[in-house]
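One structure is given below, encoded as structure tokens.
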Amino acid sequence: MQQQKETHLTPIGYLLWFFGGIFGYHRFYYGRQLTGLLWMLTAGVFFIGWIVDAFLIPGMNRDANNQFKTGETDYSVAWVLMLFLGIFGAHRFYMGKIGTGVLYLLTLGLLGFGVLYDLFTLNGQVSERNGETAQGEPVPA
């Protein structure tokens, strides 16, 4: 029996939880945008939710692995690049979006608003790219 490749990794989830958990970064990583926004606006629901999430991450990881498409573009790499170098467009360059990568580089992630947009859409962008590359279609830059 062949095991499907994981799209999201538990250690990366904990890394994002540790460095950006009170801002909901790990929740965005796992495709939970609404609760990610709640965490962002309430400092991880006043730190209590942040602590509870340390125990919930394995389940969130399982759900994300069932929800998103596998492929050439790695979700974890894209998210870590966005966390540490998002305002420079590193995650966009990684996904082959050279035009918007240069735009982010020159405008510091469109003054942060582009990076905020990517918080909500990065999983979908990677999943779309993986769907396109899996079908053998060219991916637009």
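Counting heavy atoms from C-beta on, the side chains of Val126 and Met95 come closer than 4.5 Å. Side-chain contact check for Asn65 versus Met60: every heavy-atom pair is 4.5 Å or farther apart.
There is a path of hydrophobic side-chain contacts, each under 4.5 Å, that joins Phe93 to Leu106. Both Leu41 and Val52 are members of a single hydrophobic cluster when ILVMFWY side chains are connected at heavy-atom separations under 4.5 Å.
Listed here is the closest heavy atom pair of Ser76 and His8: OG-CA, 4.2 Å. Of all heavy-atom pairs spanning Thr121 and Gln125, the tightest one is OG1-NE2, 2.7 Å. Considering all non-hydrogen atoms of both residues, Lys69 and Asn130 come closest at O-ND2, 3.2 Å. Heavy-atom minimum distance, Thr7 versus Thr70: CG2-CG2, 3.4 Å. In plain terms, the two heavy atoms of Asp74 and Val77 that are nearest each other are OD1-N, 3.0 Å. Across all their heavy atoms, Asp118 and Arg92 have their closest contact at OD1-NH2, 2.7 Å.
One distance of note links OH of Tyr75 with CG of Leu122; it measures 9.5 Å at 0.5 Å rounding. Here Ile87 contributes atom CD1 and Tyr104 contributes atom OH; the two are 12.0 Å apart, rounded to the nearest 0.5 Å. Taking CZ of Phe68 as the start and CD of Glu128 as the end, the distance is 13.0 Å to the nearest 0.5 Å. Interatomic distance, Met82 CE to Phe88 CZ, rounded to the nearest 0.5 Å: 14.5 Å. How far CZ of Arg27 is from CG of Leu37: 12.0 Å, rounded to the nearest 0.5 Å. Here the CG-OG1 distance, from Leu15 to Thr10, works out to 12.5 Å after rounding to the nearest 0.5 Å.
The backbone N or O of Asn123 sits nowhere less than 3.5 Å from a side-chain atom of Ser127 that would complete a donor-acceptor pair.
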From CA spacing to verdict: side chain to side chain contact (heavy atoms under 4.5 Å, CB included), Asn61, Glu6: CA-CA 9 Å; Asn61 192 74; Glu6 289 185 319; 4.1 Å; yes
Met40 vs Leu119, side chain to side chain contact (heavy atoms under 4.5 Å, CB included): CA-CA, chis, key distance, verdict: CA-CA 11 Å; Met40 184 185 290; Leu119 268 177; 3.5 Å; yes
Criterion side chain to side chain contact (heavy atoms under 4.5 Å, CB included) on Leu83 and Tyr29, from CA distance to verdict: CA-CA 10 Å; Leu83 174 63; Tyr29 171 67; over 6 Å; no
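Annotation: Tyr14, atom OH; neighbour count of heavy atoms from other residues, nucleotides and ligands within 6.0 Å is above 12.
A ring-ring contact (aromatic ring centres under 6.0 Å, His included) check over residues 110-130, counting only residues at least two apart or in different chains, returns the pairs Phe28-Phe120.
A ring pair (Phe, Tyr, Trp, His ring centres under 6.0 Å) with Tyr25 holds for exactly one of Trp39, Phe19, Phe84, Trp79; it is Trp79. Remark: of the listed residues Leu56, Asp63, Ile57, Ile57 is the sole one forming a side-chain contact (heavy atoms from CB on, under 4.5 Å) with Tyr30.
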Tell me which donor-acceptor pairs under 3.5 Å the side chains of residues 42-51 have, and how far apart each pair is, sequence neighbours excluded?
residue: Thr42; atom: OG1; partner: Leu38; partner atom: O; Å: 2.6
residue: Thr42; atom: OG1; partner: Val45; partner atom: N; Å: 2.9
residue: Trp50; atom: NE1; partner: Trp17; partner atom: O; Å: 2.9

